[in-house]
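Let me begin by presenting the structure, written as structure tokens, before commenting on it.
Below, chain A is the first sequence line, B the second, and so on; all start at residue 1.
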Amino acid sequence: MNQTRRFYSFRSSSTLVVFVTLVVVFSIFTPNHIFINERNIAALGKLFPDLGIIALGIGVLMICGEFDLSVGSVLPFCSFIFAQQMIADFSPFVSFFVSLLVGAILGLINGIITVKTKMPSFITTLGTLMFWRGILYVWSKMMPMSIRTFVPSGSPFQKLMAGNLNAYIPVQVIWFAIFAVILSILLHFHRFGNWIYSTGDNRDAAHAMGIRTDLVKIICFMIVGVLCGFSACMQSVRLGSFAATQGVGFEFKAISACVIGGTSLRGGIGSMTGIFLGALTIPIIDNGLILMRVPVFAISAFIGLATILFVLLNNYIERKTR
Amino acid sequence: MGSMAFAQGKPAEGLYFRLVTHGGDDPFWAVVQQGALDAANELGCKVDIDLAGSDLALQQKRLAEAVAQKPNGIALVINDDTAWDKPVEDALAAGIPVIGINNDDSKGPAGNKRLCYIGKSEERAGYMIGLKLFQTAKEKGIDFSKAHVAMPVEVPGANYGVIRSNGIKRAMAEFGITSSEIIDGGGLEMTTVEQRETSYLLAHPETTFSITNTDSPPISIPVGISLTAQLRSI
């Protein structure tokens with residue numbers, strides 16, 4: 001009984017239980033158990049990290065007590081910069097670092113506006129979501145750009161960003177795991193992680209303890225920006241193209257993933273394990289339901305329902321274990 | 001001086017036109033806008049394009065705003081069979097010529113009073129795509145008795161998608177194909193589209209043909225290439 005109570009005292013435990021349940025249900029009930037077919041796992045592994053990597057950063061920021069809705073625009077903006085650099089004859093590696101730098105700068109801008117003006121980050125980043133998308137549309141004229149000639153299939157950069165480790169493990173999964181481990185160490189085994197939790201839980205108290213809360217928040221915004229830059233390059237290389245519609249809707253999907261993973265909307269609560277599982281859960285629900293031949297038009301309804309149920313479940317478990 | 005004289009000689013000098021579309025983030029409209037600007041430049045007139053992000057109410061507002069500016073003509077995407085009947089009549093009554101482009105009323109001139117329509121017939125477009133695809137498949141010896149046609153649409157419920165699907169179904173009937181499904185392709189975000197279509201194809205191995213109902217080749221082509229490569233590799 002005590003062990004059960006101890007297990008549920010971990011906030012991500014409910015996410016783990018539901019995640020395992022989903023995997024078991026989909027594995028058993030999908031026709032010919034296609035959910036655990038290596039072809040399906042490989043396809044999932046190639047596609048979900050685009051959003052998953054961004055969700056990891058959003059989770060850290062939410063623990064710090066802030067939101068970033070601008071990811072839906074920062075991603076295509078970085079993708080555009082990446083494509084532009086290569087068209088201007090820079091190597092893919094140089095273009096990649098420029099894209100990360102631009103992501104960091106856009107995160108820095110979000111952070112500075114939020115902490116200096118005391119404006120809620122929901123408003124700041126809603127503004128920058130629209131602002132950067134508008135700038136992108138004017139600058140790119142919404143015209144797609146092919147980058148396949150600069151990053152041909154089989155080239156070192158293509159293999160690094162969108163290749164396969166072996167026949168069934170795409171490198172995108174490895175990148176997702178690497179970022180999850182790095183952020184997990186940062187969040188749970190480093191002093192900076194304590195600062196993030198303290199800032200998100202009670203900013204005034206954290207400030208009184210000598211934590212530079214403004215700087216902590218700005219760095220968290222920059223982490224999200226850098227991850228957007230990385231995801232932008234990864235997605236563009238896979239598709240061989242830049243399109244102005246990249247990232248549309250990612251902002252709410254990333255927040256949903258974090259909420260499903262047990263991250264509090266009020267800050268100060270959450271874990272990398274939960275965010276990791278949350279980032280996996282949304283694509284699994286989407287994939288599993290389609291494989292179970294649920295009408296595709298109903299998928300959004302199920303994901304919306306799942307988000308609400310996860311929050312209710314987390315609240316229930318929290319009350320019970322208190 | 002010489003160039004001014006040339007500019008004054010352009011056939012549409014001093015005229016002003018509006019292009020009212022349902023489009024939004026879609027790269028398709030970026031290409032159309034560029035074409036409109038090139039044409040305006042060539043003919044010496046001015047043109048502005050209105051985008052509405054598939055929001056019918058907003059598109060109606062954009063048309064009303066365009067009419068209020070009293071342009072010399074309006075090109076309108078007629079993406080609904082009833083919503084545009086009165087606004088078009090009102091604009092014509094105000095002396096502004098309105099033509100349909102890209103999408104038309106499914107009943108043509110009998111359904112909407114627009115002066116003319118420039119663009120494809122959606123039903124015929126679907127029919128011709130289906131015809132060509134099924135004919136090629138027949139030549140390759142594909143068995144139609146158990147064939148299944150998947151039709152992912154970028155905007156669920158959009159008039160043009162429904163009408164185009166009807167054309168595809170007409171072609172299916174000619175080849176004796178009875179199984180088909182219209183599916184939500186997931187919008188215009190490429191990873192979502194790819195994820196949806198990959199899952200669907202894995203869940204429906206009986207799918208013989210997939211005809212994506214989109215106006216956005218800039219999105220569907222990279223996704224299609226990636227999807228094909230992925231399905232081949234896995």
- Message: Please verify the inter-ring angle class for A/F96 with A/F230; under 30° counts as parallel, over 60° as perpendicular, anything in between as tilted.
- Response: perpendicular

- Task: Using a cut-off of under 4.5 Å on heavy-atom pairs, state which of A/G247, A/S153, A/P170 scores highest against chain B.
- Result: A/G247

- Message: Do B/E189 and A/Q235 pair up side chain to side chain, a donor and an acceptor below 3.5 Å, judged on atom types alone?
- Response: yes

- Is it true that B/K146 and B/E206 have a side-chain N and a carboxylate O under 4.0 angstrom from each other? no

- Task: Establish, yes or no, whether a centroid distance under 6.0 Å links the rings of A/F35 and A/F29.
- Result: no

- With chain B as the partner chain, list the residues of residues 285-293 of chain A whose heavy atoms fall under 4.5 Å from it, by residue number, and write 'none' if nothing qualifies. A/D286, A/N287, A/I290, A/L291, A/R293

- Message: Side chains of B/D48 and B/Q69: any donor to acceptor distance under 3.5 Å?
- Response: no

- Query: Among B/I129, B/I142, B/I177, which residue meets the side chain to side chain contact (heavy atoms under 4.5 Å, CB included) test with B/F134?
  - Reply: B/I177

